[in-house]
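Heavy atoms only: backbone and side chains are in, while hydrogens, waters and symmetry mates are out. The chain is numbered in sequence order, starting from 1.
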Amino acid sequence: MTPERLADLHGLCFEAPARAWTQREFEDLLGQPNVFLCELEHGFALGRAAGPEAELLTLAVDPSHRREGIGAKLLAGFEETSASRGVAEVFLEVAENNSPARALYRRAEYDEVGKRAGYYPGSSGAEVDAIVMRKMLP
């Protein structure tokens with residue numbers, strides 16, 4: 001998937017006031033040696049590994065293809081790639097009000113381990129907390 005396609009798909013997935021990532025941001029991230037991309041036709045997961053830890057930077061599934069198991073497959077691919085890089089523990093952040101994503105992560109056995117107050121812009125002008133989640137890999 002090209003950086004342009006990644007930016008376009010990301011833009012479909014995140015409504016205002018959230019800011020979708022730009023093509024340039026994807027180009028910069030993908031140029032880093034510790035960043036990796038897991039992709040399927042209608043979605044992608046972007047991660048970063050550092051020593052024994054990895055972070056899921058973003059996961060995006062085309063809204064017209066949600067509820068087809070794509071997110072779960074991408075998350076599994078992120079975990080497999082992380083494990084192949086020697087990672088033992090993975091982290092992610094998700095908006096507190098993003099119930100579908102939180103449910104996906106709970107089904108994949110991620111635990112809520114923290115909160116970042118006011119991390120995301122909210123639609124009514126109020127900020128939304130980020131839930132920090134973690135999973136230990138086998």
Side-chain angles (χ1 to χ4, degrees):
M1 213 176 270
T2 66
E4 180 180 16
R5 174 68 180 127
L6 294 170
D8 289 345
L9 182 53
H10 205 255
L12 291 174
C13 296
F14 296 94
E15 299 175 12
R19 185 185 67 78
W21 296 2
T22 66
Q23 177 179 337
R24 178 67 184 183
E25 288 171 313
F26 280 109
E27 289 170 354
D28 290 346
L29 281 167
L30 291 168
Q32 298 175 17
N34 58 337
V35 173
F36 57 94
L37 179 67
C38 301
E39 60 184 288
L40 295 171
E41 183 178 357
H42 300 292
F44 68 89
L46 188 68
R48 174 175 32 219
E53 296 180 356
E55 177 184 11
L56 178 64
L57 299 172
T58 191
L59 187 148
V61 175
D62 185 320
S64 65
H65 289 278
R66 290 188 178 153
R67 313 261 332 141
E68 296 177 7
I70 296 169
K73 289 177 186 171
L74 290 166
L75 190 57
F78 161 75
E79 292 172 5
E80 289 170 18
T81 302
S82 295
S84 74
R85 291 173 171 242
V87 167
E89 186 175 27
V90 295
F91 291 90
L92 61 86
E93 293 163 349
V94 60
E96 186 172 45
N97 61 355
N98 189 341
S99 299
R102 290 177 68 189
L104 169 69
Y105 301 135
R106 280 193 301 274
R107 282 192 305 273
E109 300 180 350
Y110 282 75
D111 296 314
E112 295 184 9
V113 295
K115 186 181 285 194
R116 297 185 195 280
Y119 191 76
Y120 297 108
S123 59
S124 64
E127 295 174 331
V128 177
D129 294 344
I131 303 299
V132 180
M133 302 184 83
R134 175 184 69 189
K135 180 177 182 177
M136 300 301 294
L137 298 179

Measure across [X] and [Y] and return the closest heavy-atom pair with its distance rounded to 0.1 Å.
{"X": "E93", "Y": "Y119", "value": "OE1-OH, 3.1 Å"}
{"X": "V61", "Y": "L9", "value": "C-CD1, 4.4 Å"}
{"X": "A108", "Y": "L75", "value": "CB-CD2, 3.5 Å"}
{"X": "T81", "Y": "C38", "value": "OG1-SG, 3.7 Å"}
{"X": "S82", "Y": "A54", "value": "OG-CB, 3.5 Å"}
{"X": "P3", "Y": "L30", "value": "CG-CD1, 4.3 Å"}

Do [X] and [Y] land in one hydrophobic cluster if side-chain heavy atoms of ILVMFWY residues count as linked below 4.5 Å?
{"X": "I131", "Y": "Y120", "value": "no"}
{"X": "V113", "Y": "V90", "value": "no"}
{"X": "W21", "Y": "M1", "value": "yes"}
{"X": "L137", "Y": "L59", "value": "yes"}
{"X": "F91", "Y": "Y110", "value": "no"}

_Under 3.5 Å: donor-acceptor pair, side chain of D62, backbone of S64_ =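 Indeed, once roles are kept as given, a pair shorter than 3.5 Å links the two residues.
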| request: Please confirm whether the backbone N or O of E96 pairs with a side-chain atom of R102, one donor and one acceptor, at under 3.5 Å? | output: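 Yes, the answer is positive, given that a donor and an acceptor are paired below the 3.5 Å cut-off.
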* Could you please spell out the steps behind the ring-ring contact (aromatic ring centres under 6.0 Å, His included) verdict for F36 and F78? => CA-CA 8 Å; F36 57 94; F78 161 75; 5.8 Å; yes
Say you draw a straight line from [atom1] of [X] to [atom2] of [Y]; how long is it, rounded to the nearest 0.5 Å?
{"X": "L92", "Y": "T58", "atom1": "CG", "atom2": "OG1", "answer": "10.5 Å"}
{"X": "E27", "Y": "E25", "atom1": "CD", "atom2": "CD", "answer": "10.5 Å"}
{"X": "L74", "Y": "E79", "atom1": "CG", "atom2": "CD", "answer": "11.5 Å"}
{"X": "E112", "Y": "R106", "atom1": "CD", "atom2": "CZ", "answer": "6.5 Å"}
{"X": "M133", "Y": "D111", "atom1": "CE", "atom2": "CG", "answer": "7.0 Å"}

Applying side-chain contact (heavy atoms from CB on, under 4.5 Å) to L46 and L6, what does each step give before you reach the verdict? CA-CA 10 Å; L46 188 68; L6 294 170; 5.8 Å; no
Fit a plane to each ring of F26 and H10, take the angle between them on a 0 to 90° scale, and name the class: parallel (under 30°), tilted (30 to 60°) or perpendicular (over 60°).
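F26 and H10: perpendicular rings.
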- Do other residues, nucleotides or ligands put more than 12 heavy atoms under 6.0 Å from Q32 CD?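 Correct, the count exceeds 12.
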Before you tell me yes or no, could you show the steps for R48 and V35 under side-chain contact (heavy atoms from CB on, under 4.5 Å), namely the whole-Å CA-CA distance, both residues' side-chain angles and the distance that decides it to 0.1 Å? CA-CA 4 Å; R48 174 175 32 219; V35 173; 4.2 Å; yes
